[in-house]
Amino acid sequence: MTEMSSPHISSPRIMVLKVQPGTPPFRIVEIDGEMVAQATGITDVLQVAAVCGITVRDLDDPDVVRWVGGDKFTWLPH
C-alpha cells in the first residue's frame with residue numbers, strides 16, 4: 001500500500017472526552033495528550049483552547065477537535 005492510498009489519520013491537538021456524571025455533567029478536555037480542564041459547554045472548550053494558545057475556527061473540523069462519546073452538542077450523560 002502506498003501513502004497515497006492510505007487513509008489520513010489526524011491527531012488533533014484538542015480531544016473532548018465523553019460526558020461524565022456530575023452536578024453539572026462535564027467533559028474532560030485534553031490538549032496535546034494532557035488533561036487540562038473540565039468543560040460544561042462549548043464556551044469552556046473554546047476558552048481552554050485560547051488559554052493554551054490555540055485558535056479554534058471550526059469545532060467540526062476533525063483535524064482540530066476530536067469529540068469522543070458525542071458531538072459538540074452532547075453535554076448530558078446517556
Side-chain angles (χ1 to χ4, degrees):
M1 179 182 274
T2 65
E3 288 184 43
M4 295 300 287
S5 63
S6 63
H8 171 70
I9 299 173
S10 67
S11 284
R13 293 188 65 194
I14 304 169
M15 297 251 318
V16 183
L17 305 180
K18 69 178 185 172
V19 176
Q20 301 297 311
T23 306
F26 62 93
R27 296 176 80 169
I28 303 275
V29 179
E30 292 183 352
I31 295 186
D32 297 331
E34 293 187 37
M35 185 179 82
V36 295
Q38 294 179 1
T40 58
I42 294 171
T43 304
D44 293 339
V45 175
L46 293 172
Q47 288 175 338
V48 168
V51 167
C52 292
I54 303 169
T55 301
V56 178
R57 291 186 174 83
D58 183 359
L59 286 167
D60 295 318
D61 183 348
D63 290 331
V64 177
V65 182
R66 179 169 294 145
W67 300 92
V68 179
D71 61 14
K72 65 185 177 187
F73 300 114
T74 306
W75 295 97
L76 297 174
H78 288 62

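No donor-acceptor pair closer than 3.5 Å links the side chain of W75 to the backbone N or O of P24.
For the side-chain hydrogen bond (donor to acceptor under 3.5 Å, both in side chains) condition, the pairs that include at least one residue of residues 15-36, sequence neighbours left out, are R13-D32. For residues 67-78, the set of pairs meeting the salt bridge (charged side-chain N to carboxylate O under 4.0 Å, His left out) definition, not counting sequence neighbours, comprises D60-K72.
Think of F26 as one node in a network of Ile, Leu, Val, Met, Phe, Trp and Tyr side chains linked at under 4.5 Å; its network also takes in M15, L17, I28, M35, V68.
Clustering ILVMFWY residues whenever any of their side-chain heavy atoms sit less than 4.5 angstrom apart, transitively, puts V19 in a cluster other than the one holding V16.
Partners of A49 by side-chain contact (heavy atoms from CB on, under 4.5 Å), not counting sequence neighbours, listed by chain and number: I14, I54, V56.
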Which pairs would a plain distance check flag for residues 39-47, meaning a side-chain donor or acceptor within less than 3.5 Å of a matching protein atom at least two apart in sequence or in another chain?
unit_1	atom_1	unit_2	atom_2	d
T40	OG1	D44	OD2	2.8
D44	OD2	T40	N	2.7

